[in-house]
J.: 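First, the structure itself, so that you have it in front of you.
No hydrogens, no waters, no symmetry mates; every other heavy atom, side chains included, goes into these values. So that the names make sense, note that chain A is the first sequence line, chain B the second, and so on, each numbered from 1.
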Protein chains: 4
Amino acid sequence: MRRKLTPRGRERRDQLMECGARLFAERGYHPTSVADVVAALGVGKGVFYWYFASKEELLTELLKASNHDLRKRQQQAIGEEADPVRRIELGIRASLGWFAEHREYFAIIQFAATDETFAPVLARNREIAIADTIRHLKDGIVDGRIADRDPALLAHAIHGVVAELTRHSLVEGNLPLDEVADLCVAFCLEGLAG
Amino acid sequence: MRRKLTPRGRERRDQLMECGARLFAERGYHPTSVADVVAALGVGKGVFYWYFASKEELLTELLKASNHDLRKRQQQAIGEEADPVRRIELGIRASLGWFAEHREYFAIIQFAATDETFAPVLARNREIAIADTIRHLKDGIVDGRIADRDPALLAHAIHGVVAELTRHSLVEGNLPLDEVADLCVAFCLEGLAG
Amino acid sequence: MRRKLTPRGRERRDQLMECGARLFAERGYHPTSVADVVAALGVGKGVFYWYFASKEELLTELLKASNHDLRKRQQQAIGEEADPVRRIELGIRASLGWFAEHREYFAIIQFAATDETFAPVLARNREIAIADTIRHLKDGIVDGRIADRDPALLAHAIHGVVAELTRHSLVEGNLPLDEVADLCVAFCLEGLAG
Amino acid sequence: MRRKLTPRGRERRDQLMECGARLFAERGYHPTSVADVVAALGVGKGVFYWYFASKEELLTELLKASNHDLRKRQQQAIGEEADPVRRIELGIRASLGWFAEHREYFAIIQFAATDETFAPVLARNREIAIADTIRHLKDGIVDGRIADRDPALLAHAIHGVVAELTRHSLVEGNLPLDEVADLCVAFCLEGLAG
DNA sequence: TATGAATGAGTCTTCATTCAT
DNA sequence: AATGAATGAAGACTCATTCAT
């Protein structure tokens, strides 16, 4: 479904993605119909299929785009930082920050993870993110700053904390982001013991 | 839809729940039809509606039953243990153990969390579990064994680690459960620093 | 889509086939919607899919059933007749007779032959019919009653005459069947020369 | 939709007809969309509607053009030949030859005959062709060369043979055209008896 | 002339649910 | 308790056609 798009076309496509993201997040993927999406935009049904081959493709594109954007944010945040522990911290803060600004995507990603159609896409995204984290962890272990435990499991543990605190702060919605981020980082680095 | 059931009736109901759990886990809730569930059991469609008012109710019952069972397991594991840190550890190990034995439920619960229809049920379940954890955390903070940070956030952090390591070990499927549990506990108690 | 049908179910299925045959013949396969078929029967749309997996399957079943019926008629007509030329004649007359009584099927079969989805089914049917004819022709050639020419081509020639005269007499509709059959037989046996 | 076309315009129109003929023949009229036709040519959708008022019109034009061309071929073949039997033979051979060179049209014509929208156009074409044949047959009957049977039915019989042998040789595709034509002529003139 | 974009009625199909038996 | 049958609203997707540029 690669199509040469005029600027106007590109704009439409973006509108559809935005609209789809919002509705999928609010009501869920299955309960949202293509008709809902185009109606929310006030355009005909055909428009949707001019830009996307299927409803499925819309979600896939959403997943790809969000992953791409999140990773960009993380990389910018980490920059040239050399200290591996600090890199991990910056990555955590970048993730929390990104989701705070793109609330829709949390629900979408979480749903996608439960659906056999989309799980593979997400699995790949996660793999890449985990691999990044593992690299930093290994550096930290070599440095002696991080305890010598299975880096893969540690990476998942960190991601779990980030995911749940993200979810919690998005849903409760009234906690200062920095506070959550601080605790998230502290917990990951020091655990409950502090 | 409370109905007095004969022993045979109770058995049927259990079969339906088991069957539904399996299919919902494998294919997802929406993509699984009531027809699929009864077909997998080789019975007519009427049977389903004899025991459940709707497809929705089946999932709700599944959610309730699994939550009930998981909590029972946790309580048995914790028993009369007095040390709050140890209570947390036992709770974590109980959760990991339970999910290892009820793999279907992880996917179901995760999906339910993303659907506005079921999210409330899950939210309540989670609240209760978090409240339990918070209680132990507060005890630990009073004891001075646990750093004095926001207990609610800490509780969520722990749950996040447990959830993601559960998911990881279920999906990867080839790690010894004890090893995962050990790391999970260690990470929660000491963080990366060890 | 094999399903155990109650007598009532079998009846419904037959009604759907009859109805479909009529509408496909009148308006064509593509221009006839499943909605048209069920509306003509005054039943809900779901009924159709209870008995047939798809619109396509309905046509396929129609094709199979008609072929089966036509062949039965031909075999009954030919019976134990020993003379191969006479067998051909009886076959021709049976075909013309059958189509006169099942006018809907001519149009359906002719359409199906032009559609890549159904052509294979029809090709097989035709093959079988041609093979029958070829057998009689070869017998006739051995007897010296039929000129020694390529029996496959001869068989097709005969089928062509039968098909077109069938069509003509169905459409014109006012010619006595026997007269058409007589000429058909005479033409096939003696050609224009007589 | 008569439009004065520049040479370039005429060329485009021809390309569209050729393309349409090919696709209609391969996939069928209904399953082929206007989008398919223009995509195969690599042009925009507007082009199609510049040259044809509708998809329907394209098929109608195709039918007209092919009929015109076939008739021209037949007339050239028959030329000034005086012998009516020979005229029939030449007509048969011309038809077989033309279809061998315009394979696409056989499927198209056969489909059109089954669709109530196009059947009338085809009926007229057929009428004209049959009338031609009838004229030759009557001449032959007067000459005593042809048996005195209903000329209309005889004409249809001949057309049936030609149609089916055409189809057969196009589909089987591996028989020498002359051989088929010889048998076709022989069968029509002498029947099975030879 | 030509294009990308848009329309929206219409198509096939699914499915939760109900009902007669 | 159970079954086969029926319902019909709703969903994903198609496509002939039109239009602004």
J.: Please state how far atom CZ in A:R27 lies from atom P in F:dA10, giving the value in whole angstrom units.
T.: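 Taking CZ of A:R27 and P of F:dA10, I get 14 Å after rounding.
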J.: Taking all non-hydrogen atoms of both residues into account, name the closest pair between A:L122 and A:A112 and its distance.
T.: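 It is CD1-CB, 2.9 Å.
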J.: Mind checking which nucleotides bracket the chain A contacts on DNA chain E, 5' to 3', with an atom under 4.0 Å from a heavy atom?
T.: E:dG4 to E:dG10
J.: So, D:R124 and D:E127, do they make that salt bridge, N to O below 4.0 Å?
T.: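 Looking at D:E127 together with D:R124, the answer is no, because their closest N to O distance does not fall below 4.0 Å.
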J.: Output the pairing pattern of DNA chain F as a dot-bracket string, 5' first, Watson-Crick or G-U wobble with both distances under 3.5 Å, | for cross-strand pairs, [ ] for crossing pairs.
T.: .||||||||||||||||||||
J.: Is the closest side-chain heavy-atom distance between B:L70 and B:F99 below 4.5 Å?
T.: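 They are in side-chain contact.
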J.: Within the structure shown, what part of the strands sits under 4.0 Å from C:Y51 by heavy-atom distance: base, sugar-phosphate, or nothing?
T.: sugar-phosphate
J.: Report the residue (C:Y29 or B:S33) whose heavy-atom-nearest nucleotide on DNA chain E is the more 5′ of the two.
T.: C:Y29
J.: In whole angstrom, give the distance that lies between atom NZ of C:K55 and atom P of F:dC13.
T.: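 Going from NZ in C:K55 over to P in F:dC13 covers 19 Å.
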J.: Tell me, please, which residues at least two apart from C:H30 pass side chain to side chain contact (heavy atoms under 4.5 Å, CB included).
T.: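 With sequence neighbours excluded, C:H30 shows a side chain to side chain contact (heavy atoms under 4.5 Å, CB included) to C:F111, C:D115, D:H30, D:P31, given in chain and number order.
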J.: Under 6.0 Å from the six-membered ring centre of C:F48 and within 45° of its axis: does the NZ or CZ of C:K55 meet both?
T.: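 No, C:K55 and C:F48 do not form such a contact.
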J.: Give me the residues of residues 38-50 of chain A where at least one heavy atom lies under 4.0 Å from an atom of DNA chain E, by number, or none.
T.: A:V43, A:G44, A:K45, A:G46, A:V47, A:W50
J.: Taking the side chain as every heavy atom from C-beta outward, state whether B:K64 and B:H68 have any atom pair closer than 4.5 Å.
T.: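 The answer is no; the side chains never approach within 4.5 Å.
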J.: Give a yes or no on whether a salt bridge exists between B:E11 and B:R8, defined as a side-chain N under 4.0 angstrom from a carboxylate O.
T.: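 Looking at B:R8 together with B:E11, the answer is no, because their closest N to O distance does not fall below 4.0 Å.
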J.: For D:D36 and F:dT14, what is the distance between atoms CG and P respectively, to the nearest whole Å?
T.: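 Between P of F:dT14 and CG of D:D36: 11 Å.
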J.: Is there a side-chain contact between D:L62 and D:Y105, using heavy atoms and a 4.5 Å cut-off?
T.: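 Sidechains of D:Y105 and D:L62: in contact.
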J.: Kindly write out the residues that satisfy side chain to side chain donor-acceptor pair (under 3.5 Å) with C:D36, not counting sequence neighbours, or none if the list is empty.
T.: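 Side chain to side chain donor-acceptor pair (under 3.5 Å) check on C:D36 returns C:R27, C:S33.
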J.: More than 12 heavy atoms of other residues, nucleotides or ligands under 6.0 Å from CD of A:E18: is that the case?
T.: no
J.: Expected output is a numbered-order residue list: members of residues 5-12 of chain C with a heavy atom under 4.0 Å from any atom of DNA chain E. What is it?
T.: none
J.: Please assess A:Q15 against A:V43 for the test side-chain contact (heavy atoms from CB on, under 4.5 Å), listing each intermediate value before the final yes or no.
T.: CA-CA 11 Å; A:Q15 290 174 336; A:V43 299; over 6 Å; no
J.: A quick test of your reading: do over 12 heavy atoms of other residues, nucleotides or ligands sit less than 6.0 Å from CD of B:E26?
T.: yes
J.: F:dA2 C1' sits how many Å from B:Q15 CD, rounded?
T.: 14 Å
J.: Tell me whether A:R22 contacts the main-chain N or O of A:E104 through its side chain, where contact means a donor paired with an acceptor under 3.5 Å.
T.: no
